Every structure is written in structure tokens, then in C-alpha cells.
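Structure first, commentary second.
Worth saying up front: this structure is predicted, and the values here are computed from it rather than measured.
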Amino acid sequence: VVAEHCGFAVAHLLSRDKHSEVAQARQMAMMLCRQLISLPLERIGVAFDRDHGTVMNSIRAIEGRATVDAMFARQLEEVRAKANAALAAA
């Protein structure tokens with residue numbers, strides 16, 4: 001859902017690409033994995049080929065940005081709603 005919303009292939013989110021747009025989308029996906037399906041940090045890290053500390057920092061970064069950037073917070077809520085709908089349909 002995050003990849004589609006941001007215009008990236010899922011493989012791109014899972015890559016080592018550090019460009020800010022890709023990294024931010026990846027961090028958003030990690031946060032939603034944690035919040036919506038309660039995956040442990042370690043499991044999210046394995047899925048994204050990162051360690052649990054990176055996942056934790058990614059979640060904090062997204063939460064922090066959402067508190068200071070209202071436009072980003074709205075975008076995050078749109079993605080969360082789409083992800084919730086996808087989970088409900090599954």
C-alpha cells in the first residue's frame with residue numbers, strides 16, 4: 001500500500017536505496033507494520049533487511065515528522081486508511 005501510494009515498486013522499498021523519498025516511504029511502511037499488525041521490531045527488520053534498531057529509529061522519525069508537518073501527517077493518515085482497508089479486505 002505504501003509503495004503504491006508513493007509511486008514505488010515494493011522491491012524499491014526493500015532495497016538499500018537511501019534517497020530521501022524512498023527512505024521515507026520505507027520508514028512509513030515499517031511504522032505501519034508495527035502499528036497495524038503489531039509485528040515485533042526484529043521481524044520488521046528481517047522483512048526490510050534492516051536491524052531492529054534501524055526499524056525503531058525509522059518509526060521515531062516518521063512519528064516525529066508527523067508531529068511537525070501537518071501535510072505529511074495527512075498523507076500518513078491517508079496511507080494508514082488504505083492499509084487498514086487492505087487488511088480488512090484480506
Side-chain angles (χ1 to χ4, degrees):
V1 173
V2 174
E4 180 182 313
H5 182 84
C6 295
F8 297 116
V10 172
H12 208 109
L13 289 186
L14 299 175
S15 73
R16 288 289 184 183
D17 191 334
K18 294 185 180 186
H19 287 94
S20 62
E21 297 87 8
V22 177
Q24 181 175 289
R26 182 184 308 116
Q27 291 172 337
M28 189 183 301
M30 290 180 188
M31 187 192 80
L32 293 174
C33 286
R34 179 68 170 183
Q35 291 182 345
L36 300 181
I37 55 179
S38 302
L39 284 177
L41 297 175
E42 294 81 6
R43 185 112 181 259
I44 297 168
V46 168
F48 286 88
D49 194 25
R50 306 297 194 282
D51 63 46
H52 76 280
T54 300
V55 175
M56 189 170 26
N57 289 335
S58 295
I59 292 169
R60 286 182 186 150
I62 292 297
E63 290 172 341
R65 180 161 182 209
T67 62
V68 297
D69 184 341
M71 186 177 206
F72 179 75
R74 282 190 299 275
Q75 178 187 11
L76 182 60
E77 285 309 311
E78 287 176 24
V79 175
R80 186 189 324 270
K82 288 179 184 178
N84 271 326
L87 287 170

Nearest heavy-atom neighbours spanning A25 and L13 | CB-CD2, 3.4 Å

NZ/NE/NH1/NH2 to OD/OE distance under 4.0 Å, D17 and R26 = no

Can you tell if the side chain of F48 reaches within under 4.5 Å of the side chain of S58, non-hydrogen atoms only?
-> no

Taking everything shown except R43 itself, do over 12 heavy atoms lie less than 6.0 Å from its CZ?
-> no

Measure from the side-chain N and O atoms of R50 to the backbone N and O of E42, and report whether any donor-acceptor pair falls under 3.5 Å.
-> no

Measure the spacing between NZ of K82 and CG of L32 and express it to the nearest 0.5 Å.
-> 12.0 Å

Heavy-atom distance under 4.5 Å between the side chains of R34 and L39, does that happen here?
-> no

Nearest 0.5 Å please: distance from the CG atom of D51 over to the CD1 atom of I44.
-> 12.5 Å

Going by heavy atoms in the side chains, are Q27 and N57 under 4.5 Å from each other?
-> no

From L36 CG over to N84 CG, what is the distance, rounded to the nearest 0.5 angstrom?
-> 5.0 Å

How far apart are the closest heavy atoms of A86 and V1, and which atoms are they?
-> CB-CG2, 3.9 Å

Would you check if I62 and F72 make a side-chain contact, meaning some heavy-atom pair closer than 4.5 Å?
-> yes

Flag if over 12 foreign heavy atoms under 6.0 Å of CD, E4 | no

Residue pair Q75 / H5, side-chain heavy-atom distance below 4.5 Å = yes

Is E77 salt-bridged to R80, cutoff N-O under 4.0 Å?
-> yes

Does the side chain of E63 reach to within under 4.5 Å of the side chain of I59, using non-hydrogen atoms?
-> yes

Quick one: does L76's side chain get under 4.5 Å of M28's, heavy atoms only?
-> yes

Is V22 reachable from V10 through a run of hydrophobic residues whose side-chain heavy atoms are each under 4.5 Å from the next?
-> yes

Test item: H12 and H19 side chains (from C-beta on) under 4.5 Å apart, heavy atoms | no

